[in-house]
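What you see below is based on every heavy atom in this structure, not just the backbone, and it leaves out hydrogens, waters and symmetry mates.
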Amino acid sequence: MSEKLKVGILGGTGMVGQRFIALLENHPWFEVTTIAASPRSAGKTYEEAVGGRWKMTTPMPEAVKNIVVMNVNEVEKVASQVDFVFSAVDMSKEEIKKIEEDYAKTETPVVSNNSAHRWTPDVPMVVPEINPEHMAVIEYQRKRLGTKRGFVAVKPNCSIQSYAPVLTAWKEFEPYEVVATTYQAISGAGKTFKDWPEMVENIIPYIGGEEEKSEKEPLRIWGKIEDGVIKPAQSPVITCQCIRVPVLNGHTAAVFVKFKKNPTKEQLIEKLVSYSGVPQKLSLPSAPKQFIQYLEEDNRPQVALDVDYENGMGISVGRLREDTVYDWKFVGLSHNTVRGAAGGAVLCAELLKAQGYIEKK
C-alpha cells in the first residue's frame with residue numbers, strides 16, 4: 001500500500017466527491033487517505049458525514065467509512081497528509097479559484113472537476129486522449145504561483161464529452177460549423193430523482209451557463225500553447241442548446257456538422273473506431289481500451305444500453321447519416337459523472353503521474 005500515492009478528496013461528501021471515492025476503490029496507483037469537506041462535516045467519520053446521502057449504486061467502500069473528515073479550509077493541515085488532491089468543492093467560483101491555488105501553493109498538485117479554473121490561461125484543461133500536450137503549460141503556471149511541485153489542472157465540462165472527441169477524430173476533414181443539442185442527465189446537477197421529483201416525466205430547456213461552456217470549451221481543448229498560455233482554436237464554430245432530461249446518468253448529443261472536405265460515411269466511421277491517444281498507448285489504469293465505439297443499429301446509442309461502455313469511460317456514437325442542410329449528423333453518448341466528471345479527472349491524474357508532474361512528496 002505504501003507505494004501508492006496518497007490522495008485527498010476536497011468536497012468528498014457531494015455527488016462528484018462520492019464518485020471519486022467509488023472509482024478510486026482498489027486503484028493500482030492511488031489510495032484515498034484524506035477526505036475534506038465543509039466545516040459542518042469536519043470531525044465526523046465519512047460514513048457519518050454522508051449519512052443517508054450516498055448516491056452511488058455500489059456500496060460505500062469499507063476503507064473510507066472511518067476516515068475522519070477534515071475541514072477543507074484548513075489548507076496546510078489537509079495538504080500535509082497527501083501527495084495530491086482531487087477537487088470537487090461546492091463553493092462560489094472565486095472561492096474555488098482561491099482555495100485550489102492555495103492548495104497548489106503548498107506544493108500539492110490539484111486535479112479539479114470544477115469549472116473555476118477552466119479559463120485561467122496557464123491552467124491545462126485536458127481530455128487525455130485529445131490534448132495531453134497541454135500539460136506542458138504547468139511549467140509556466142508554476143512560475144506564476146512560485147511553486148516547484150504544486151499546480152492546478154482541470155478537466156472540461158461533462159456536456160462536451162459526447163461530441164468533442166468525435167470532432168477531434170474527424171479533424172483532417174476540417175469540420176467548420178457545428179450545431180449540437182445536448183440532452184443532459186440529472187446527476188449532472190448533483191441530483192437523483194429522490195432529490196428532484198419534479199424532473200420525473202419532465203424536460204427543462206435550460207441549464208445555467210451550460211451552453212456557453214459547450215460552445216467554447218472544445219475550442220480551448222483544440223488550442224495551442226503560445227507565450228506560456230493556451231490560445232483557443234478559432235474553428236469550428238459551435239452553437240449549442242442544453243436540455244435537462246429525466247435520465248439519471250448519461251449525456252446524449254444530437255449533432256450536425258459541415259466539413260470543408262468531403263468524407264464518406266465509411267471514412268468517418270473508420271476514424272472514430274481507430275481513434276486512440278496517449279492513455280491507450282500508455283495503458284493507463286482508467287483508460288478505455290477503445291475510446292469511441294460506433295453502433296450500427298438505428299436505435300443506438302441508448303442510455304440504458306450504452307452509458308457504461310468501457311466502465312463509463314468510452315464514448316458511444318450512432319445514427320451517422322447525411323443531412324439535407326448540413327453535411328453529416330450523428331448522435332453521441334457519454335457517462336457524465338464518470339468520463340464527464342470524476343473518471344475524466346482520475347484519467348488526467350494518471351496521465352500527470354505518467355508524465356512526471358505528480359509524484360510522492
Side-chain angles (χ1 to χ4, degrees), residues 11 14-20 53 55-56 87-97 112-119 125 127 154-167 178-221 232 236-257 301-304 306-307 312 315-317 329-345:
M15 191 179 231
V16 175
Q18 291 178 23
R19 179 67 76 185
F20 274 121
R53 294 179 298 110
K55 295 177 179 181
M56 301 297 106
S87 174
V89 289
D90 183 13
M91 299 174 173
S92 73
K93 198 162 273 200
E94 288 314 309
E95 288 171 323
I96 293 170
K97 272 187 172 174
S112 180
N113 183 69
N114 295 307
S115 64
H117 272 297
R118 285 187 198 149
W119 289 92
M125 180 174 75
V127 175
V154 300
K155 51 142 288 297
N157 199 41
C158 51
S159 65
I160 73 170
Q161 311 282 340
S162 49
Y163 58 91
V166 176
L167 297 171
V178 177
V179 175
T181 301
T182 59
Y183 303 88
Q184 299 188 204
I186 63 171
S187 57
K191 305 272 206 246
T192 62
F193 286 110
K194 194 172 133 206
D195 312 324
W196 204 0
E198 58 269 41
M199 270 311 300
V200 176
E201 295 189 33
N202 193 18
I203 278 177
I204 298 175
Y206 172 72
I207 307 170
E210 204 75 356
E211 286 163 2
E212 188 187 7
K213 293 174 190 171
S214 303
E215 292 169 356
K216 302 286 184 238
E217 287 187 16
L219 297 170
R220 189 167 195 255
I221 288 168
V237 175
I238 302 172
T239 182
C240 199
Q241 293 200 92
C242 298
I243 296 172
R244 187 74 73 195
V245 295
V247 162
L248 180 60
N249 293 312
H251 286 357
T252 300
V255 186
F256 299 76
V257 191
Q302 285 181 35
V303 169
D306 304 309
V307 76
I315 312 299
S316 299
V317 177
K329 55 191 169 189
F330 70 91
V331 173
L333 169 67
S334 60
H335 196 307
N336 56 296
T337 67
V338 182
R339 167 57 76 166

- Task: Measure the CE-OG distance between Met56 and Ser187 for me, rounded to the nearest 0.5 Å.
- Result: 8.0 Å

- Query: Is the backbone of Pro205 close enough, under 3.5 Å, to the side chain of Arg244 for a donor and an acceptor to pair up by distance?
  - Reply: no

- Task: Kindly compute the distance separating CD1 (Ile207) from CD1 (Ile243), expressed to the nearest 0.5 Å.
- Result: 8.0 Å

- Report yes if the side chains of Thr182 and His251 come closer than 4.5 Å at any heavy-atom pair, otherwise no. no

- Query: Are Ser115 and Lys93 close enough that some pair of their side-chain heavy atoms sits under 4.5 Å apart?
  - Reply: yes

- Query: Do Gln184 and Asn336 have a side chain donor and acceptor closer than 3.5 Å?
  - Reply: no

- Query: Do Pro156 and Lys216 have side-chain heavy atoms sitting under 4.5 Å apart?
  - Reply: no

- Message: With heavy-atom distances below 4.5 Å as the criterion, would you say the side chains of Glu198 and Ile204 are in contact?
- Response: no

- Mind checking the CE-CD1 spacing from Met199 to Ile186? Nearest 0.5 Å is all I need. 6.5 Å

- Item | Main-chain N/O of Lys191 paired with Lys55 side-chain donor or acceptor, under 3.5 Å | no

- Can Ser92 and Glu94 be counted as having a side-chain donor-acceptor contact under 3.5 angstrom? no

- Which heavy atom of Tyr163 sits nearest a heavy atom of Cys240, and at what distance? OH-SG, 4.3 Å

- Check: Gln18 side chain, Arg53 main-chain N or O, donor-acceptor pair, under 3.5 Å: yes

- Side chains of Arg19 and Thr337: do they bring a donor and an acceptor to under 3.5 Å? yes

- Note, Ser214 side chain near Ile238 side chain (heavy atom, < 4.5 Å): no

- Query: Ser334 and side chain to side chain contact (heavy atoms under 4.5 Å, CB included): which partner among Val317, Ile315, Asn249?
  - Reply: Ile315

- Message: Given 3.5 Å as the limit, does a donor-acceptor pair link the side chain of Gln241 with the main chain of Thr181, or not?
- Response: no

- Query: Quick one: are Pro218 and Leu167 in side-chain contact, heavy atoms under 4.5 Å?
  - Reply: no

- Message: Do Glu211 and Tyr206 make a side-chain contact, defined as non-hydrogen atoms from C-beta onward lying under 4.5 Å apart?
- Response: no

- Item | Contacts of Val303 that satisfy side-chain contact (heavy atoms from CB on, under 4.5 Å) - sequence neighbours left out | Val247, Thr252, Val307, Leu333

- Side-chain contact, heavy-atom cut-off 4.5 Å: Tyr183 with Ser162? no

- Query: Looking at NZ of Lys213 and CH2 of Trp119, how far apart are the two atoms once the value is rounded to the nearest 0.5 Å?
  - Reply: 12.0 Å

